[in-house]
2 protein chains.
Amino acid sequence: MKNLTRILLAEDDINLGQLLHTFLKSKGFEVSLAQNGKIAFEKFNQQEYDFCIFDIMMPEMDGFTLAKEVREIDKKVPILFLSAKSMKEDKLEGFSIGADDYLTKPFAMEELLARITAILRRSETESEESENGEVQVGKIKYEPEYRLLHLKEGEKKLTTKENQLLQLLVKNQNEILDRNATLRAIWGDDNYFNGRSMDVYIAKLRKALKEDPAIEIMNVHGKGFKLIVK
Amino acid sequence: MKNLTRILLAEDDINLGQLLHTFLKSKGFEVSLAQNGKIAFEKFNQQEYDFCIFDIMMPEMDGFTLAKEVREIDKKVPILFLSAKSMKEDKLEGFSIGADDYLTKPFAMEELLARITAILRRSETESEESENGEVQVGKIKYEPEYRLLHLKEGEKKLTTKENQLLQLLVKNQNEILDRNATLRAIWGDDNYFNGRSMDVYIAKLRKALKEDPAIEIMNVHGKGFKLIVK
DNA sequence: GAAGGCGGTTAACGTTTTTTAACACCGAAA
DNA sequence: TTTCGGTGTTAAAAAACGTTAACCGCCTTC
């Protein structure tokens, strides 16, 4: 059992960012610090996180937009917002996006910690917890962590992009994975060429998974792809 | 035998949405969570659901409007409303639309579960079947899940649109499938061109189903289409 | 520092799915 | 009974997707 909680912290203020970073690290969390929303979103798509802390006002991409993008590809990960002023409208917008909590600067470190642990405790007991590390896709064992597919003929190592795409497909099994949202999540931009690139990866994944005929990556014309296991 | 009950949950409050999602999943249901009525309606038209839970107050499209749209194309699927306050008028409106039950926030998880199972038990004995996953249309076996038609000459894979349309026709067997409601459900807009497009698909489905002469897709002038099996 | 491997993108070509056009016909209403 | 919107059907056009291979930049290795 892996007991490390990974936090993605998006904060443009260097001082506060460093402070939070060291504080949370001292409390046993693994923390990634991003200077703005754009970098944070890239980091988010690089690996799994158990918790997100987003400042609202940031250059490049603000916290709300960031949260929206994150929510498009992960409906579960807890998000806590940090705001400079206590704006009621902001608060509402935050929660409608799917924020789990909200803190107004300045705040006490201990209060932040209390809220994080409260939310984590709740979401852990809620979901019985993912048992992340390996997933079963039909007859094939898949370890997203190690980008590894266990096939009959041996292990197959996936590339970064193959892995990101398969992870999203698996996470949304039996549901349509929206084409444009996926492109923004993995490629950062949903233009035509990235779309074609994604199609190439779909083809690669189909080939990699063809060992089990019960697995199908189905296209839903104009919408996206859907991983189904019969 | 697949015994999975699929629930469509439309709830804009992420906290409550997640809570319900995980709770219901832990009780053995498959749950799709939609952030608002519009997304929920799209999901509803993407696949079969056995049960609907709609929050009333939502952005984009409220629960009542959603229920009305759903009822236009599916008169049977159970709908349960969630409401923030106990408004008597709402209650009435809800039931007039065809709600099966009604819960006022806050409510206990167990109560929700009890009501769901009660309604499902009732509607199952009513309709004798469901046994979802495959449907018999005349002599032809149809698997909406996999967009598959089992014909004498082999399997025929339906396209996304063919499948959506056939699903609606089957769901409303021997009833008139309203032209404009269908267009809104599948195409999102009931303009002239989409109407012509739909006519093309009707022609395709007629051709696909002509193997069994007992099956007929009949036009009801100015109203819509009706699938009849003699 | 040339050669090769690797991950990823772009190009090219083929196929499928969907929309639009075109023309014929039908049916309800004036 | 004429008229006009609604429908039936097929074909052509357009858009989306499937797949393979060439290509490109980067890193490693010798």
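Lettering follows sequence order; numbering is per chain, from 1.
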Worksheet item: So does B/R206 get a side-chain nitrogen or oxygen closer than 4.0 Å to the phosphate oxygens (OP1/OP2) of D/dG8?
Response: yes
Worksheet item: Should A/F64 and A/F81 be marked as a ring-ring contact (aromatic ring centres under 6.0 Å, His included) after you check the CA-CA gap, both sets of side-chain angles, and the distance that decides it?
Response: CA-CA 9 Å; A/F64 286 141; A/F81 282 112; 5.1 Å; yes
Worksheet, complete the sentence: When rounded to whole Å, the OH to C1' distance for the pair A/Y192 and C/dT9 reads 13 Å
Worksheet item: How many Å lie between CD1 on A/I217 and P on D/dC17, as a whole number?
Response: 14 Å
Worksheet entry | Exercise: do B/E11 and B/H21 side chains pair donor with acceptor under 3.5 Å | no
Item to complete: Return yes if some donor-acceptor pair links the side-chain N/O of A/N194 with the main-chain N/O of A/D189 below 3.5 Å, else return no.
Response: yes
Discussion item. I need a per-nucleotide contact map over nucleotides 15-25 of chain C, read 5' to 3'. Cutoff is protein heavy atoms under 4.0 Å; write B for the base, S for backbone only, - otherwise.
Written reply: --SBBBSB---
Worksheet item: For the pair made of CG in B/D178 and C1' in D/dT7, what is the distance, rounded to whole Å?
Response: 16 Å
Tabulate atom names and distances for all N/O pairs under 3.5 angstrom spanning the protein and nucleotides 22-25 of chain D.
none

Worksheet, complete the sentence: Atom CE of B/M198 and atom P of D/dT7 are separated, to the nearest Å, by 8 Å
Item to complete: Return the value, rounded to whole Å, for the distance between atom CG of A/L183 and atom P of C/dG8.
Response: 15 Å
Item to complete: State whether A/Y201 and A/K204 meet the cation-pi test: NZ (Lys) or CZ (Arg) under 6.0 Å from the six-membered ring centroid, and within 45° of the perpendicular axis.
Response: yes
Worksheet item: Roughly, in whole Å, what's the span from NZ in B/K223 to C1' in C/dA28?
Response: 12 Å
Response to the item:
The answer to which of B/I202 and A/M218 contacts DNA chain D further toward the 5' end, by nearest nucleotide, is B/I202
Worksheet item: Taking atom types as modelled, is there a side-chain donor on A/T65 or A/D62 under 3.5 Å from an acceptor on the other?
Response: yes
Worksheet entry | Lys/Arg N to Asp/Glu carboxylate O, A/E211 vs A/K139, below 4.0 Å | no
Discussion item. Just by distance, no angles: are the side chains of A/T5 and A/E30 close enough, under 3.5 Å, to form a donor-acceptor pair?
Written reply: no
Item to complete: With heavy atoms under 4.0 Å as the rule, sort B/F225 into base, sugar-phosphate or nothing.
Response: sugar-phosphate
Fill in: Euclidean distance, atom CG of residue A/L165 to atom C1' of D/dC17 [Å, nearest integer]
14 Å
Worksheet item: Would B/I140 and B/L151 count as a side chain to side chain contact (heavy atoms under 4.5 Å, CB included) if you check the C-alpha gap in whole Å, the side-chain angles of each, and the deciding distance to 0.1 Å?
Response: CA-CA 6 Å; B/I140 301 171; B/L151 305 175; 3.9 Å; yes
Discussion item. What is the separation between atom CG on B/N180 and atom C1' on D/dG6, rounded to the nearest whole Å?
Written reply: 12 Å
Discussion item. Assess, by modelled atom type and distance only, whether the side chains of B/N163 and B/Y142 contain a donor and an acceptor separated by less than 3.5 Å.
Written reply: yes
